[in-house]
Amino acid sequence: TQNNNKLTEETITCLNIHIYHPQPTVFQSLTLDKKLKFRTDEVLKFGRDSNICNFPLIDKRASRIQFSIQAVRFLESTELCFEIKNLSLKTKISVDFAILNHLNKVELLRRGLLRFGEYQLCLEKEDGESREQFEILFKLSLVPLYPERVVESLNISVPESGILNNGGITSSLSSLAIPVEMDENDLNKPT
């Protein structure tokens, strides 16, 4: 008798990372165009130190440990999300419009652009069902991922808690309150 039960393979969340630097040789130690599997409890580190970092950057200007990516699952959610944490003492990184100082982190919901120095990484999540593992796929871009002419005045600082939920930032930039200068005499005028 044949077993009529078909085994279905569980899909795995994949973090697609498009990488750019004017000198692409800084990425020569990364495996490109091939999915790499990791356990969800692993903290993946990027930086110059190949003894500590999962993804070494061949660049003397990069920090020993630049930043980390960690998979997280929030209470009452089956969706796998990712947190990006700045581990560099000397370099700030930006994720979309958030500037991260040392040990600040931000949640990447669906898609985000990470930048530091001349590095640009576009991270985009493809959802999967697995709770135990995820994949990363690096793709090299030969052109910048972020146009330089974008106004840099919309920097949003991370609160002192060191945690910023990036979900509301990119979707609600048009609703950001812009401070307006007022004359103190205007405060006493009836409306």
Side-chain angles (χ1 to χ4, degrees), residues 11-38 40 42-48 53-59 61-63 65-72 79-88 91-101 104-128 130 133-158 163-174 176:
T11 59
I12 297 175
T13 297
C14 184
L15 190 58
N16 295 301
I17 305 178
H18 293 265
I19 51 179
Y20 170 78
H21 190 280
Q23 298 174 335
T25 55
V26 298
F27 300 120
Q28 68 188 13
S29 65
L30 300 184
T31 302
L32 301 175
D33 301 315
K34 182 182 176 194
K35 289 184 177 182
L36 306 169
K37 245 180 222 180
F38 298 94
T40 52
E42 287 184 74
V43 177
L44 305 179
K45 295 181 182 101
F46 293 71
R48 188 181 73 240
C53 296
N54 308 76
F55 304 110
L57 304 171
I58 313 302
D59 184 354
R61 292 171 296 178
S63 292
I65 307 171
Q66 193 74 49
F67 68 94
S68 68
I69 295 177
Q70 182 174 8
V72 293
E79 184 180 358
L80 190 64
C81 296
F82 294 93
E83 285 183 344
I84 299 168
K85 186 178 200 176
N86 184 1
L87 298 175
S88 172
T91 308
K92 293 179 183 179
I93 64 173
S94 71
V95 179
D96 291 332
F97 294 99
I99 304 297
L100 303 179
N101 291 310
N104 288 156
K105 60 185 174 180
V106 67
E107 176 188 339
L108 174 77
L109 289 181
R110 188 69 43 208
R111 185 173 195 214
L113 183 69
L114 186 150
R115 294 182 301 148
F116 62 94
E118 295 182 284
Y119 289 85
Q120 297 179 8
L121 293 84
C122 181
L123 301 95
E124 190 167 6
K125 181 180 72 153
E126 285 180 38
D127 285 327
S130 176
Q133 52 191 348
F134 66 94
E135 296 173 326
I136 287 186
L137 175 65
F138 289 104
K139 291 198 173 274
L140 181 64
S141 175
L142 299 176
V143 296
L145 304 169
Y146 188 79
E148 292 303 320
R149 64 182 191 266
V150 172
V151 178
E152 293 283 339
S153 63
L154 283 177
N155 290 338
I156 298 171
S157 296
V158 175
I163 301 170
L164 179 66
N165 180 331
N166 200 19
I169 291 177
T170 53
S171 60
S172 64
L173 280 176
S174 61
L176 283 176

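For reference, positions follow the sequence shown, starting with 1.
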* Report the distance from atom NZ of Lys125 to atom CD of Glu79, rounding to the nearest 0.5 Å. => 3.5 Å
* Under 4.5 Å between any side-chain heavy atoms of Tyr119 and Phe27, yes or no? -> yes
* To do: Answer yes or no: is there a side-chain heavy-atom contact under 4.5 Å between Leu113 and Leu145?
  => yes
* Side-chain contact test, heavy atoms from C-beta onward, threshold under 4.5 Å: evaluate it for Asp127 versus Arg110 and give yes or no. => yes
* To do: Before giving the answer on side-chain contact (heavy atoms from CB on, under 4.5 Å), spell out for Leu140 and Phe138 the whole-Å C-alpha distance, their side-chain angles and the decisive distance to 0.1 Å.
  => CA-CA 7 Å; Leu140 181 64; Phe138 289 104; over 6 Å; no
* Structure fact -> Those residues at least two apart in sequence (or on a different chain) that pass ring-ring contact (aromatic ring centres under 6.0 Å, His included) with Tyr20 are none
* Inter-residue atom distance Asp59.CG - Gln23.CD, 0.5 Å rounding -> 7.5 Å
* Residues Lys105, Gln70; criterion side-chain contact (heavy atoms from CB on, under 4.5 Å); working and verdict -> CA-CA 10 Å; Lys105 60 185 174 180; Gln70 182 174 8; over 6 Å; no
* Partner set under salt bridge (charged side-chain N to carboxylate O under 4.0 Å, His left out) for Lys85, not counting sequence neighbours -> none
* 4.5 Å side-chain heavy-atom contact, Ile69 and Leu108 -> no
* Atom CZ of Phe134 and atom CG of Leu80: how far apart are they, to the nearest 0.5 Å? -> 7.5 Å
* To do: Answer yes or no: is there a side-chain heavy-atom contact under 4.5 Å between Phe67 and Leu121?
  => yes
* To do: Would you indicate whether the side-chain heavy atoms of Cys53 and Arg48 approach each other to under 4.5 Å?
  => no
* If you look at every heavy atom in Asn16 and Glu126, which pair is closest and at what distance? -> ND2-OE2, 2.6 Å
* Using the side-chain contact (heavy atoms from CB on, under 4.5 Å) rule, take Leu123 and Phe82 through it: C-alpha gap first, then chi angles, then the decisive distance, then the call. => CA-CA 10 Å; Leu123 301 95; Phe82 294 93; over 6 Å; no
* Test item: Ile93 and Leu100 side chains (from C-beta on) under 4.5 Å apart, heavy atoms -> yes
* To do: Mind checking side-chain contact (heavy atoms from CB on, under 4.5 Å) for Thr91 and listing every partner two or more places apart, or none if nothing turns up?
  => Ser63, Gln66, Ser88, Phe116
* Glu42 CD to Gln133 CD distance, which is reported to the nearest 0.5 Å -> 10.0 Å
* Rounded to the nearest 0.5 Å, what separation is found between the CG atom of Leu137 and the CG atom of Leu15? -> 9.5 Å
* Ser68 versus Val43, closest heavy-atom pair with distance -> CB-CG1, 3.7 Å
* Residue from Ile84, Ile99, Asn86, Leu114 passing side chain to side chain contact (heavy atoms under 4.5 Å, CB included) with Val106 -> Ile84
* Can Lys139 and Glu124 be counted as an ion pair, charged N to O under 4.0 angstrom? -> no
* So do Leu32 and Ile19 actually touch side chain to side chain, heavy atoms under 4.5 Å? -> yes
* To do: First locate atom CG of Leu57, then atom OG1 of Thr25, and finally report the distance between them rounded to the nearest 0.5 Å.
  => 11.5 Å
